[in-house]
Amino acid sequence: MKNIELARLFDQIGDILEFRGELIFKINAYRKASRAIHELTVDVADLWQQNRLAEIPGVGKGLQEKIAEYLSSGTIIEMEALLQGVPKDLFELLSIQNFGPKTAALAYKELGVETIADLQRVIGDGSLAQLPGMGAKKVENIRKGVELRASASDRISIGLAIPVVEEILEYLHKTVGDKIGRITPAGSVRRGRETVHDIDILVETSQGAAVIDAFVHMPGVTQISGAGDTKGSVMLQDRVQVDVRAVDKDSFGAAQQYFTGSKEHNVHLREIAKKMGLKINEYGVFSGEERRGGETEEQVYQLLGLQWIPAELREDRGEIEAAAKDQLPQLLDLKDIKSDLHIHSNSSDGQYSLADMAEEVRKMGYSHMAFCDHSRSARYANGLEETRLLRQIDDIRTLQKKYDDFTILAGCEVDILPDGSLDYPDSLLAELDFVVASIHSAFKTDPTARTLAAMQNKYVDVIGHPTGRLISRREGFEIDINAVVEMARKTGTALEINSFWDRLDLCDLHARLAVEQEVKISINTDAHHPTHLPMMRYGVSTARRGWVRKSDVINTFSLEALKKWQKRNQTVSKRVK
DNA sequence: GCCGTTTTCGGCCCGACTGTTTTCAGTCG
């Protein structure tokens, strides 16, 4: 798929045009198209061949031609010309905080700054500060930007951010709890994105200065970059930037809406407001000078003629159009989850025994669960040989006798082998209550065909972490997600959203693709330790971002409904010949 | 460069903050 390459190329063209001082609207057109292409779940080359490029939002005649040129020749001639007369490392330079396109152009023209090393030189020798419009403080901020780029990673995972958020909320309640009303995370944390750039927290208070003062002095703060009456900005543990904003009661809803974003969602909302003769900002909704509302988010959306939109949907992916028609989906909620169907014990590579882990899962309030330890070929994970698996089934049956309000399914996470066969024979799979099939090896060996083959086995209920990606470490394997979804639909196999924060696999867009094709989703933690069990929330927020409803998710089923749903128990087999 | 329930031309979101300036440009979210 050339989608990512093409999206990056359009982003780069945007950067070059911005550096050259082109009209911002033209630049935004490239960036908007870049984002749309990045989010496509189909191959842009297929769209091109089917003459359907115009269906991509924000892609008009001009960009269609550029896409076609790139796909047919591997390059865009105009890009080569554009690159003449810009710094060698333009894209790296523009990624530096406080060093924008105007400053970059000035430094390039006057001082020949082409690389980050050049920039460090002109900061050091004082020549940058001599340029018109520059001064000591600006240069110092740029210097900090260069430093930051070298140290901090760009985004951190939601699974690392959420504990930090909770710590901050707890601290604020403890220290200034008497001064604050509503308090909520905003930004990408609230939207449940898989990674976040910084953490935004909104506090309702009439004593902003005191709240901000308490915040910037919280333990763990390694740098204070701003502390006023309405906003405090710090670096925590040299790792993540946190902004706290203090807001009046009357504008809390407007601020919550504004700071939750996304940027694209907000831009779209304000376009609508403008057409209605209204104006929205972080203080409220206005008709001329008259303030029409802003105390709650519901008000803000209502004044624009829209249903309130759940934060996870706010990416300008059609949610505003749906809200206008009262057609938003009834999203899955964490409290709808009745089971966790992919749990490991110390029989394979988990850390708790069957009995102890089952007890911990039961404490989550679920009605049932499935142990799915690794199969025999997963040597690195102490995968179970057939005899050990049979013994484990017996152990689970015995353990079940302890409970009459909680059911423990005997399952496995069976490896999909390089040749596409499963790691256990059907006769053994038939002994199990539940089967997750996953790829753990030979990622480059035709993962699509192997996954399609696995789904055609009637004992396979779920495909585990279907793309194999690890957010912080590796791209998923090259898998044709459309083909996988299609076969899942045909065979009645569920696709997993693995809730482990470094996986979140399927991702939000793939999950949406699946439920649009009426494919069922299974959301599981893949827990190897009790502390992993609460990660269910990340899987649920990923599902919500994918427009997934309660009825789409087999973990919301009662045990009876789950059994009825399983392929093996269906009178009319959906199995593909 | 895109796009149309005022438009095929003329729009294209809004504000805070900072630092450099004496009224504003650049950057950011």
Side-chain angles (χ1 to χ4, degrees), chain A residues 10 13-14 16-19 21-36 53-67 76 78 82 93-107 128-142 144-145 148 186-189 191 196-200 202 225-233 241-243 245-247 251 254-255 257-286 300 304-305 316 320-321 324:
Chain A
F10 279 1
I13 293 178
I16 299 169
L17 296 176
E18 193 171 32
F19 176 84
E22 290 272 356
L23 210 61
I24 187 68
F25 307 111
K26 187 172 173 177
I27 295 156
N28 285 342
Y30 277 97
R31 291 184 175 155
K32 198 172 173 188
S34 165
R35 178 172 177 268
L53 287 176
E55 290 174 21
I56 307 172
V59 172
K61 205 157 175 291
L63 292 182
Q64 283 175 52
E65 283 172 9
K66 290 200 168 61
I67 294 171
I76 294 177
E78 194 183 334
L82 282 173
L93 285 169
L94 290 181
S95 72
I96 294 167
Q97 288 272 312
N98 307 314
F99 191 68
K102 300 283 194 258
T103 316
L106 184 70
L128 186 62
Q130 297 304 310
L131 296 180
M134 300 302 288
K137 285 188 175 174
K138 271 194 175 183
V139 171
E140 175 57 15
N141 284 334
I142 294 167
K144 280 184 186 156
L148 187 73
S188 42
V189 169
R191 299 202 310 282
V196 305
H197 179 252
D198 55 15
I199 293 172
D200 286 304
L202 211 59
S225 40
D229 293 348
T230 63
K231 179 181 172 183
S233 191
Q241 181 173 330
V242 185
D243 294 348
R245 291 165 204 276
V247 188
S251 52
Q257 195 291 313
Y258 179 87
F259 288 113
T260 295
S262 68
K263 184 180 172 187
E264 290 80 5
H265 175 91
N266 285 357
V267 167
H268 194 160
L269 277 194
R270 276 173 253 164
E271 278 169 10
I272 290 174
K274 201 168 181 176
K275 281 181 189 147
M276 296 172 71
L278 299 171
K279 187 179 75 169
I280 328 176
N281 57 29
E282 58 264 55
Y283 303 108
V285 181
F286 298 87
V300 174
L304 299 177
D316 196 22
I320 293 173
E321 292 82 351

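Note on naming: letters A, B, ... go to the chains in the order of the sequence lines (proteins, then strands), and numbering restarts at 1 for each one.
- Counting to the nearest Å, the P atom of B:dC28 and the CG atom of A:Asn98 are 6 Å from each other.
- Between B:dT21 and B:dG26, the two C1' atoms lie 13 Å apart (nearest whole Å).
- The separation of B:dA16 from B:dG11, taken at their P atoms, amounts to 25 Å, rounded to a whole angstrom.
- In this structure, A:Ile27 atom CD1 and B:dC2 atom C1' are separated by 14 Å, rounded to whole Å.
- For A:Pro101, the side-chain atoms get nearest to B:dT27 when compared with the rest of B:dG15, B:dG1, B:dT27.
- Counting to the nearest Å, the C1' atom of B:dC2 and the CG atom of A:Leu23 are 12 Å from each other.
- Note that NZ of A:Lys274 and CD1 of A:Ile280 are 12.0 Å apart. Values are rounded to the nearest 0.5 Å.
- Distances shorter than 4.0 Å separate some side-chain N or O of A:Asn141 from OP1 or OP2 on B:dG19.
- Distances from the side chain of A:Lys102 to the nucleotides B:dC2, B:dG29, B:dT27 place B:dT27 closest.
- Close to B:dC12, at under 4.0 Å from its OP1 or OP2, lies no side-chain N or O of A:Lys26.
- For the residue pair A:Asn141 and A:Gln97, no side-chain donor N or O sits within less than 3.5 Å of a side-chain acceptor on the partner.
- With A:Arg245 contributing its side chain and A:Asp200 its backbone, the two residues share no donor-acceptor pair below 3.5 Å.
- Atom CD1 in A:Ile142 sits about 11 Å away from atom C1' in B:dG19, given to the nearest Å.
- In this structure, the nucleotide among B:dG15, B:dC12, B:dG19 sitting nearest to the side chain of A:Lys138 is B:dG19.
- Separating the P atom of B:dC17 from that of B:dG10 is a span of 37 Å, rounded to the nearest Å.
- Residue A:Lys263 places no side-chain N or O under 4.0 Å from the OP1 or OP2 atom of B:dC14.
- Going from the P atom of B:dT5 to that of B:dC12 covers 16 Å, rounded to whole Å.
- Between the CG atom in A:Leu304 and the CD1 atom in A:Ile272 there is a gap of 7.0 Å [rounded to 0.5 Å].
- Phosphate proximity of B:dC12 to A:Lys274: present, with a side-chain N or O under 4.0 Å from OP1 or OP2.
- What separates CG of A:Leu94 from P of B:dC28 is a distance of 9 Å, to the nearest Å.
- Taking NZ of A:Lys144 as the start and CG of A:Asn98 as the end, the distance is 9.0 Å to the nearest 0.5 Å.
- Across all strands, A:Lys32 comes closer than 4.0 Å to no nucleic acid atom at all (heavy-atom distances).
- Spacing of P atoms, B:dT27 relative to B:dT20, comes out at 13 Å, to the nearest Å.
- With B:dT27, B:dG19, B:dG15 as the choices, the nucleotide that has an atom nearest any side-chain atom of A:Glu282 turns out to be B:dG15.
- Closest-nucleotide positions on DNA chain B for A:Ala136 and A:Ile280 were compared, and the one nearer the 5' end corresponds to A:Ile280.
- A straight line from CD1 of A:Ile24 to P of B:dC12 spans 14 Å, rounded to a whole angstrom.
- Taking only side-chain nitrogens and oxygens, A:Thr230 never comes nearer than 4.0 Å to OP1 or OP2 of B:dA16.
- More than 12 heavy atoms of other residues, nucleotides or ligands sit less than 6.0 Å from atom NZ of A:Lys66.
- The CG atom of A:Leu131 sits 13 Å away from the C1' atom of B:dT20 (whole-angstrom rounding).
- Comparing B:dC2 with B:dT6, their P atoms sit 23 Å apart, to the nearest whole Å.
- An OP1 or OP2 oxygen of B:dA16 is reached within less than 4.0 angstrom by no side-chain nitrogen or oxygen of A:Tyr258.
- Contacts of A:Ile272 with the nucleic acid, taken as non-hydrogen atoms under 4.0 Å apart, are absent.
- Pairing partner, B:dT8: none, since no Watson-Crick or wobble contact has both distances short of 3.5 Å.
- OP1 or OP2 of B:dG15 has at least one side-chain nitrogen or oxygen of A:Asn281 nearer than 4.0 Å.
- Residue A:Lys231 is classed as having no contact, given no heavy-atom separation below 4.0 Å to the nucleic acid.
- Separation of the C1' atoms belonging to B:dT23 and B:dT18 is 15 Å when rounded to the nearest angstrom.
- Side chains of A:Ser251 and A:Glu282: no donor on one and acceptor on the other come within 3.5 Å.
- Between the CZ atom of A:Phe259 and the P atom of B:dA16 there is a distance of 9 Å, given to the nearest Å.
- Remark on DNA chain B: of its neighbouring residues A:Thr103 and A:Glu271, the 5'-side contact belongs to A:Glu271, judged by nearest-heavy-atom nucleotide.
- For A:Lys137, counting side-chain heavy atoms from C-beta on, the closest listed nucleotide (B:dC14, B:dG1, B:dT20) is B:dT20.
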